[in-house]
Amino acid sequence: MGSTMLVRSKRDWEMQECDATPEASYLDRRRLLASMGFVGLSGLFPAGAARAADRDPNADKYPAPRNTTFTLDRPLTSEEDATTFNNFYEFGSHKRIWRAAQQLRIRPWSIVIDGLVEQERTVDADALIARMPLEERLYRFRCVEAWAMAVPWTGFPMKALVDFARPLGSAKYVRMETFLDPERASGQRQFWYPWPYVEGLTMAEATHNLTLMVTGLYGKPLPPQNGAPIRLIAPWKYGFKSVKSIVRFTFTDTRPVSFWETIQGSEYGFWANVNPDVPHPRWSQATERMLGTEERRPTQLYNGYGDQVAPLYRDLQDEPLYM
Ligand code: MTE
């Protein structure tokens, strides 16, 4: 995001250069196997995505039934735009990380549920997803950088995950953490970032009907660059709240301090609710640019979900709700 312009250096470029080697050698190995008749040509590209989908025990759950309660006021963003223009700093501090993100190994994937819960436990992501009620929802998505999209997510209400986790009454927040694997995620070799990526929600936010644990996109399992195997989507908040590739849910009575808050607390806060009238310290939030079409639209308060979420903040008016 914008603030990282301050800390970007030659190292970004060096890391991208490193990325090329493992992917190239992987492709060479696939080509060799293909020439020996071990893999079909369709397995050649995109590297990783096909391989991951091959072994997904939940693959037959996609496309999931659409929940028509959630409608859009704009055309869907193209799948290509939503899956090739991403923020995923673990794989680089620029938008074209989708190839590098194929390095991510999403199977097996363990998720720890700990902190203020009846019993701490570790669950396999596929097993967890298998028992959850998957549905498709069309949501608006608004990045703090003022680009936006409209996409069909597949997932399940985070409330179902909270019920599964059985938090104690003393839990006030859920802290979520992304994987840590500097060998595969070259961005995590940039030691000046406070890895792993962390985000948090209040219990009221986490159990709100709009809050989704996302496992799919465009009727298919989520690709690595969009946060496979499981990510958060809280559509009324700036996109940085929607943490990707989660490995830990910690229930706590202490407000979590997020990745971006640690880097630049004066620009990225805990609440981060979308508001056209509260500018980012370095740019306006009055309008947004739709990915792909470049259409400019007026930003909506709570990204257009105010009728559903404004009550969450009624007693919090002294908090910096919009940064
Ligand atoms: N999660 C992790 N782990 N790492 C990230 O860099 N970027 C955030 C969010 N979640 C990010 C993350 C930001 S700034 C945005 S705008 C969205 O992911 C982008 O999601 P998308 O690539 O699916 O559009």
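As the structure is a prediction and not an experimental result, all values here were calculated from the model. Note that ligands are numbered from 1 as they come in the structure, with each ligand's atoms numbered from 1 the same way.
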- Stepwise side chain to side chain donor-acceptor pair (under 3.5 Å) check, R142 with Q300: CA-CA 10 Å; R142 174 61 155 78; Q300 301 178 63; over 6 Å; no
- Message: Students should be able to answer this: which protein heavy-atom is nearest to atom 7 (N) of ligand 1, and at what distance?
- Response: N87 O, 3.3 Å
- Query: Between R74 and E288, is the closest basic N to carboxylate O distance under 4.0 Å?
  - Reply: yes
- Query: Mind checking whether S242 has a heavy atom under 4.0 Å from ligand 1?
  - Reply: yes
- Message: So, regarding W153 and ligand 1 (criterion: nitrogen or oxygen to nitrogen or oxygen, under 3.5 Å), is there a contact or not?
- Response: no
- Task: Quick one: look up the protein heavy atom nearest atom 22 (O) of ligand 1 and list residue, atom name and how far away it is.
- Result: K244 NZ, 2.6 Å
- Task: Could you check N273 against W236 for side chain to side chain donor-acceptor pair (under 3.5 Å), going step by step and ending with a plain yes or no?
- Result: CA-CA 6 Å; N273 297 313; W236 71 98; 3.2 Å; yes
- Item | Sub-4.0 Å heavy-atom contact, E145 with ligand 1 | no
- Task: Measure E199 to ligand 1 on non-hydrogen atoms and call it side chain, backbone, both or neither using the 4.0 Å cut-off.
- Result: neither
- Message: Please classify the T178 to ligand 1 contact at 4.0 Å (heavy-atom distances, strictly less than): side chain, backbone, both or neither.
- Response: side chain
- Message: I'd like to know if E145 pairs up with K95 as an ion pair, taking the criterion as any Lys NZ or Arg NE/NH1/NH2 lying under 4.0 Å from an Asp or Glu carboxylate oxygen.
- Response: yes
- Item | Aromatic ring pairing W283/H280, orientation class (parallel under 30°, perpendicular over 60°, tilted between) | parallel
- Task: Quick one: look at F141 and ligand 1, take heavy-atom pairs under 4.0 Å, and tell me if it's side chain, backbone, both or neither.
- Result: side chain
- Give me the ring orientation class for F240 and Y268: parallel if the planes are under 30° apart, tilted from 30 to 60°, perpendicular past 60°. perpendicular
- Item | For atom 16 (S) of ligand 1, the protein heavy atom that lies nearest, with its residue and separation | C143 SG, 3.4 Å
- Item | Residue-ligand contact W147/ligand 1, heavy atom below 4.0 Å | yes
- Report the part of F240 in contact with ligand 1, treating N, CA, C, O as backbone and CB onward as side chain, heavy atoms under 4.0 Å; options are side chain, backbone, both, neither. both
- Inspect the contact between D56 and K61 and indicate whether a charged nitrogen and a carboxylate oxygen are less than 4.0 angstrom apart. no
- Message: I need the atoms of ligand 1 closer than 4.0 Å to a non-hydrogen atom of N226, numbered in the order shown.
- Response: 21 (P), 23 (O)
- Query: Considering only protein heavy atoms, which is closest to atom 24 (O) of ligand 1, and at what distance to one decimal place?
  - Reply: M149 CE, 3.2 Å
- How about F164 and F249: are their ring centroids closer than 6.0 Å? no
- Item | Nearest non-hydrogen protein atom, atom 6 (O) of ligand 1 | Y89 N, 2.7 Å
- Item | Electrostatic pair E205:K237 at N-O distance under 4.0 angstrom | yes
- Message: Taking the six-membered ring for Trp, are W195 and F259 closer than 6.0 Å centroid to centroid?
- Response: yes
- Note on the structure: Here the pair of heavy atoms bringing N209 nearest to R137 is O-NH1, 2.8 Å
- Query: Relative to atom 20 (O) of ligand 1, which among K241, R231, K95 owns the nearest non-hydrogen atom?
  - Reply: R231
- Could you pull out, from F88, F179, Y197, the option with a heavy atom nearest to atom 8 (C) of ligand 1? Y197
- Which bit of E90 is near ligand 1, meaning a heavy atom under 4.0 Å away: side chain, backbone, both or neither? side chain
